[in-house]
Amino acid sequence: MTFSAQHLWLIPALPLAAAAVGALTPRGGRKLAAGAALGAMGAAFVLACLALQTALADPAAKLVSNFDWFDLGNGALRLGFLLDPLTAFMAVMVTFVGLLIFIFSTGYMKEDANYKQFFCFLSLFAAAMLGLVVANSLLLLFICWELVGLASYLLIGFWFHKPSAAAAAKKAFITTRIGDLGLLLGMLWLQHSGGTLLFYDGGHGALEPAVLQSLLGQTVAGGLALSTAIGLLIFCGAIGKSGQFPLHVWLPDAMEGPTPVSALIHAATMVAAGVFLIARVYPLMMADQLLAHVPLHALTVVAFIGAITALLGAFIAVAQNDIKRVLAFSTVSQLGYMMLALGVGSWVAAIFHLLTHAFFKALLFLGAGSVIHAAHHEQDIRALGGLRGPMKVTFATFAIGTMALVGVPLFFSGFWSKEAILHAAHGWEVSHLPFYAALLGVVLTAFYNTRLVSETFFGRPRSPAAEHAHENSAAMTLPLVLLAACAVLLSLVNLPSYPWLQAKLLGQHEVHGHPLFEGAGLMGLSVLLVALGLGAGWALYGRTLRPTATAKDPLETRTPGVFAALGNRLGFDELYAATVFKLNDGLALLSDFFDRFVWGGLVALLARLGEFTGLINRDTDEQGLNAGFNAASEDLRWLGKFYSKAQTGDAHGYLRAIALGFVILLLLVILTGGGR
């Protein structure tokens, strides 16, 4: 079956229809809502596979379907769909991982009273992400981008009766809107200067040479190329959605939603949107590389922001005790690696890591959900322990996900995608600082994941919840097994000796690899750093297991100040509360002052002036114009009444009056001498 760009709208339309079914289904229609969601995602996965087959037939082609949305005064506003390998791989990943998360949710949420609403929101989330992926227009992408933000707000705050969940939903929504404002400004600037928001449009799209050359030929303040300024504004949107420094603070709090939501946000949707956006507009982001004289390149900013985020997330994850928050900061760190790869010029490595990360991070979050569900919603790793025995499937799959995340060679996909990023960073000529940050992040990632696994699965149970934990149903364990298989098998799609994924993303028909030993030195260093992190983690947490839930953390015992700072997330929330929030409060007070006393006073003054003018107008009108008009009208009325009395209708009377008048007129003529 041939799948064209004209059919792409069906992929997001199916889960959107399922969301509509869930919204219109009565509260008791649990099976209908869940069945519609699962069926729609399954069908969307099939269509995504067909789209991938079509895209791989000619990976260099950009198949587009553009159409007029509505007419403007001087033209039409156009939207469109784009089919290329990047679109197809992303669509397959989102639908497949999303489907497994949906299946897991049937078991995890089965006791929830709002079961059908949950699947409605999940379907809306998936539809928005898929719409974003297939868009050939920055405007259509932005519409779906905002729908992703809405769906995340609904899902993070799904248990809105919990104040922490409601606060987390608002925090995520507002924080990401800050970045989205930059994206909106960049979009408007691109439309104004480039004349289009379509990515590809027969040579006239925003990512095609003609428009890019036009943007490069214009400069803005500071000597920046216009393409650089627009690229940095678009990157602001990616900073918000993908939890990059300094807008990373919302991502860990998103853990307040149900665990399937955490898996969906941190793996297949939302946070992946920012990385995908930069990969999609990569020709725009890298256009200024042709200009040696510009003071700053857009990708340089992306690289350093990514490096800072990767290191920051890894450090903070070391001291977190909530199982989901450890994974959340791990996501922050891994997203930083993806941005780092984009910044140093390897968008293919970023997308490869995005795809592998989607599978093993979904596996880890669902594994955490399996633990939480079995342990009666206990999430503190200090109160768990001993789960390796009663939860064998969860432990085995969680261990596979952990090894993929850590980058254990050679059979785990995360190892190869991480190596691709490290090699790209090592070859970046601008600076080696991001590379060194990435290496340190490798050690920290291995360390905090060893701590997580040791505290959760080894030793003895440290709470009644852990003592009574047991393996979950097949609806929850089957997705774990499938994701674990993918976390291993995905390593085969982009081996250095056969980089099939890289070739297809770059639009190449033939695959050209190179021997493994070409990068053996750096690979050996990476493996050594992974071993160092694993060894340090095992020495502190595996060899001597925590005896009780209240026992001090070994790292806390050695470095209490550092551990407390990391546990407090380096005080970013407090810093923002003391600076940004205070500034916002001050501006709000200033605005209130101006509203009440300046603008309000001016309005009141104008109102009084209006009242005074009204009084003068009223007096002039009533005592002048109206009084004179009324007096004249009264005289006319009297004359009219007098004259009306003469209108008797008697012809004889009229003749007498005429005769009398004639006599009077004759006398007047005689008296005035008119007879001479």
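Quantities reported herein were computed from a predicted structural model and do not represent experimental measurements.
Among residues two or more places apart in sequence or in another chain, the salt bridge (charged side-chain N to carboxylate O under 4.0 Å, His left out) test is passed with Asp288 by none. Residues passing the ring-ring contact (aromatic ring centres under 6.0 Å, His included) test with Phe235, sequence neighbours excluded: none. For His426, the ring-ring contact (aromatic ring centres under 6.0 Å, His included) test picks out His432, Phe435, with sequence neighbours left out. Partners of Ser431 under the side chain to side chain contact (heavy atoms under 4.5 Å, CB included) rule, at least two apart in sequence or in another chain, are Phe304, Trp428, Leu433, Pro434. Applying the ring-ring contact (aromatic ring centres under 6.0 Å, His included) criterion to Phe81, with sequence neighbours excluded, gives Phe67. For Phe89, the ring-ring contact (aromatic ring centres under 6.0 Å, His included) test picks out Trp500, with sequence neighbours left out.
Remark: side-chain polar atoms of Gln320 are not paired, donor with acceptor, to backbone N or O of Val326 under 3.5 angstrom. Judged by distance alone, with hydrogens and angles left aside, the side-chain atoms of Lys324 form a donor-acceptor pair with the main-chain N or O of Met255 at under 3.5 Å. Thr175 places no side-chain N or O within donor-acceptor distance of the main-chain N or O of Ala172, the cut-off being under 3.5 Å. Checking side-chain atoms of Trp250 against main-chain N and O of Lys241 turns up no donor-acceptor pair under 3.5 Å. Looking at Asn494, its side chain never comes within 3.5 Å of a backbone N or O of Trp416 through a donor-acceptor pair. Judged by distance alone, the side chain of Tyr200 and the main-chain N or O of Val64 form no donor-acceptor pair under 3.5 Å. Distance alone, capped at 3.5 Å, places no donor-acceptor pair between the Thr196 side chain and the Ala206 backbone. A donor-acceptor pair is defined here as one N or O able to donate and one able to accept, closer than 3.5 Å; no such pair exists between the side chain of Gln213 and the backbone of Val211. Distance alone, capped at 3.5 Å, is enough to place a donor-acceptor pair between the Ser152 side chain and the Gly149 backbone. Side-chain atoms of Thr331 come within 3.5 Å of backbone atoms of Leu327 as a donor-acceptor pair (strictly under, hydrogens ignored).
Within the 4.5 Å cutoff, no side-chain heavy atoms of Leu312 are placed close to those of Thr309. Met285 is not listed as a side-chain neighbour of His297, based on a closest heavy-atom distance of 4.5 Å or more.
Classified by interplanar angle (parallel below 30°, tilted 30° to 60°, perpendicular above 60°), the ring pair His248/Phe572 is perpendicular. Using a 30° and 60° split on the angle between ring planes, Phe365 and His266 fall in the tilted class, from 30° to 60°. Using bins of under 30°, 30° to 60° and over 60° for the plane-to-plane angle, the ring pair Phe360/His357 lands in the perpendicular bin.
Between Gly533 and Thr450, the shortest heavy-atom contact is O-OG1, 4.3 Å. When all heavy atoms of Ala48 and Thr95 are compared, the closest pair comes out as CB-OG1, 3.9 Å.
There is a side-chain donor-acceptor pair under 3.5 Å between Lys361 and Ser330.
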Evaluate side chain to side chain donor-acceptor pair (under 3.5 Å) for Ser413 paired with Ser491, printing each intermediate quantity in order.
CA-CA 4 Å; Ser413 57; Ser491 60; over 6 Å; no
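A salt bridge is defined here as a Lys NZ or Arg NE, NH1 or NH2 lying under 4.0 Å from an Asp or Glu carboxylate O, and Arg280 with Asp84 meets this definition. Between Asp253 and Arg569, at least one side-chain N (NZ, or NE/NH1/NH2) sits under 4.0 Å from a carboxylate O, which counts as a salt bridge.
With a 6.0 Å radius and a threshold of 12 heavy atoms from other residues, nucleotides or ligands, His509 has its NE2 atom above the threshold.
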